[in-house]
Amino acid sequence: MFAAKTRLTTSEGIEFGFILASPLVRFVAWAIDFAATMALLSALRFAVIFISFFSSDFASAMVILLYFVVSVGYPIFCEWKFRGQTIGKKLLSLRVVDAEGFRLTFQQVFVRNITRMVDMLPLPYLVGGLVCFLSPRNQRLGDLAANTIVIRNVKVEEPVLSELGERHFNSLRHYPHLEARLRREVTPEEAALILNTLLRSSSLEATARIKIYGLLASHFRDIVQFPAEAVEGIPDEQYLKNIVDVLFRKSGAVKARETRVAK
Amino acid sequence: MIIDIAKFIETEKPYWQSLEKILSRMEQDHGASLSLEESRHLHYLYRRASSDLGKVGTFSSEPLTRHYLEALVARAHSEINEQRDTATKFSLLEFFRFTFPQTFRRQVNAFWIALILTVVGSLFGGAALYFDPASKESLVPFDHLLGNPTERVKLEEASNRSENAAHGTFSAYLMTHNTQVSITTFALGLTYGVGTIIMLFYNGVMLGSIIVDYVAHGQSVFLAGWLLPHGSVEIPCILIAGQAGLVLASALIGWGKRIPLSSRLRLIGKDLFVLMTGVALFLVWAGIVESFFSQYHYPVVPYSVKILFGSSQLGALVFYLYAAGRKREKEAN
């Protein structure tokens, strides 16, 4: 399933993007928050029992007020205090942000949460969920009113290159200037494509694998042409592994420099 | 153009970390302000990080760095380009003396529409009950108001409300219930105002039918004594919630405004917050009055006292919304 994205451009022309949280994940986050609210209310109700020994009327009033304050105030408090995150959103790595990339204001947090009851009509999140599915930026009605979006904070993991097998001699490493050009010319999408193809090689049929490797190798040979002696006699698969090695693995010189800096 | 990505990161990392440190400080303290020198330094670091993102953006093998820089630039962008007043120090005195009445007057046209809708609803409800008394059950959804008003008055005046009555519980119930009704009236503005209009009209229908029912049975004094003490605050609160809902609807529709939806909503965000916060705070007072004062009738509390209290409160509220904060408003203009 593809994650929906939204991109913003600053006045300086710099682009940055957010991955939008899907309606389903948001619903799960809401369910967690609902459970958290109920747990908090149960704890508070337990505390109020002590008050009822002195005045049952005051204790009942407290229960009514606490229920209202906690159920309405919990998301407002959390999203404001923890920069757009409630417990449910934190657990699922979601965050509420301004739709234009500005700072999330208290007014926005207030409006998006106070309008939640329209999104909850007539069943929990039926209206909100439908609007969210139809909205290009996965916004429920409250988000539209407050001009906010809910994003997913994705952790970018370092590729597990050990799965590609042991590191062998790489003839491309003899040409540092061409290595540098290769790193510059290859787009992030191309780099991800070649890496994922190699990591998933076991799930490809032999003939399909040979064909795909051939196409990819031919594409990357066109990007930067290494001297014939560096690539002669190397099968397509090994050539692609060498390319990944150049793109993702640090050379010995760089490692040595990093070690020096760390010391 | 970057030739050596590792060296580039090594050189730039201290600047990114410095920017991150300033941003974390700003984010933790919402009201923090920077000196001119610090602001300049922040802007310099932001431009440098933006430039670095531009360079790293096309570099294939550095997704982590690109991701980190995107997040950093996004955070810096939100802090630097934010022009709205994000101060969070809330002063209740300042709010009631200036912010709330000024905001109310700024959006007063929506209030007049809310008032007209309620009045039209009242006329409709009153007329419906007058011409078709059998429609009472449909028009008034409260069980205790369905009976004969004269009998209810007799019962209320005969009842001796003990000191142990659950006034606190009833008061809390009223506060939360009225706030929920107000929030719903406001939030239904998201339906391009249709829901808010229906809510205001329906409230008017109920009010009009109750008024006609009591007046027709010769219980006008009881009605005024019962409704005015809390209704003089509660009904204006529902109207103000409707006003906020109509302001929201107007921004969504955007008649005659050549600015994008997001900008329109940004412009009214603070007004919505102020109006609804004011409504919630006033409803706390209305709940206390309704539970501890409105429910006591003659001979415990003479109707004249209740009517005088309610009328004075309504007059004070109207004067407050009309006059409070005017002087500062004029000075600002």
Side-chain angles (χ1 to χ4, degrees), chain A residues 8 10-18 55-58 60-65 67-68 72 80 83 97-108 110-111 114-118 141-142 144-147 153-154 156 158 180 183-184 186-188 190-192 247-248 250 254 257-258 261, chain B residues 1-7 10 27 47 50-51 53-54 57-64 66-67 70-71 73-74 77-79 81-82 84 86 88 164-169 171-173 175-176 179-180 183-184 186-191 195 248 252 261-262 265-266 269-270 272-273 276-277:
Chain A
L8 301 173
T10 69
S11 48
E12 293 84 2
I14 298 297
E15 262 202 359
F16 55 89
F18 294 121
S55 165
S56 59
D57 178 37
F58 185 65
S60 304
M62 285 294 285
V63 169
I64 294 171
L65 286 176
Y67 180 82
F68 183 75
V72 175
W80 175 239
R83 302 185 56 77
V97 296
D98 181 278
E100 314 295 318
F102 296 120
R103 191 196 299 176
L104 188 69
T105 64
F106 183 76
Q107 286 91 330
Q108 286 177 297
F110 180 83
V111 169
I114 211 170
T115 50
R116 191 183 291 272
M117 59 175 59
V118 177
L141 288 171
L144 285 168
N147 205 29
N153 287 330
V154 181
V156 182
E158 289 274 17
R183 289 202 198 97
R184 196 182 63 238
V186 173
T187 65
E190 285 171 326
L247 292 178
F248 291 98
K250 284 164 184 156
V254 170
R257 185 165 55 216
E258 282 185 354
V261 170
Chain B
M1 182 190 296
I2 309 169
I3 298 297
D4 188 338
I5 186 74
K7 193 175 178 186
E10 192 185 303
E27 287 164 358
R47 278 168 48 201
S50 299
S51 163
L53 175 60
T58 54
F59 217 88
S60 57
S61 58
E62 289 299 332
L64 275 177
R66 187 158 53 93
H67 189 73
E70 276 198 2
V73 169
H77 171 261
S78 72
E79 294 293 341
N81 292 283
E82 182 55 76
R84 293 168 296 180
T86 52
T88 52
N164 292 329
H167 288 302
T169 308
S171 179
Y173 164 76
M175 284 174 203
T176 54
T179 308
Q180 272 173 338
I183 289 174
T184 308
F186 157 66
L188 284 170
L190 282 169
T191 58
L248 174 59
L252 288 171
L261 174 65
S262 58
L265 290 168
R266 200 177 290 285
K270 193 181 176 188
L272 300 182
F273 165 72
M276 289 309 294
T277 304

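Atoms considered below: every heavy atom in the structure, side chains included; atoms not considered: hydrogens, waters and symmetry mates. Lettering of chains follows the sequences in order, A, B, ..., and the numbering in each one begins at 1.
- For Leu265(B), the side chain to side chain contact (heavy atoms under 4.5 Å, CB included) partners two or more places apart in sequence, or in a different chain, are Leu248(B), Ala251(B), Leu252(B), Leu261(B), Ile268(B).
- Ring geometry for Phe273(B) versus Phe106(A): interplanar angle over 60°, hence perpendicular rather than tilted (30 to 60°).
- Looking at Arg266(B) and Thr105(A), their side chains never come closer than 4.5 Å, going by heavy atoms from C-beta outward.
- Of all heavy-atom pairs between Gln180(B) and Met117(A), the closest is O-SD, 4.2 Å.
- For Glu70(B), the salt bridge (Lys or Arg N to Asp or Glu O under 4.0 Å) test picks out Arg7(A), with sequence neighbours left out.
- Closest approach of Leu190(B) and Gly142(A) over heavy atoms only: CD1-N, 4.2 Å.
- Heavy atoms only, all atoms of each residue included: Ile114(A) and Phe186(B) are closest at CG2-CE2, 3.3 Å.
- With a 4.5 angstrom heavy-atom cutoff, Glu100(A) touches chain B via backbone and side-chain atoms both.
- Heavy atoms closer than 4.5 Å to chain B are found nowhere in Ala99(A), neither backbone nor side chain.
- Between Tyr67(A) and Thr176(B), the closest side-chain pair of non-hydrogen atoms is not below 4.5 Å.
- Within the model, atoms CZ of Phe110(A) and CE of Met276(B) stand 6.0 Å from one another, a figure rounded to the nearest 0.5 Å.
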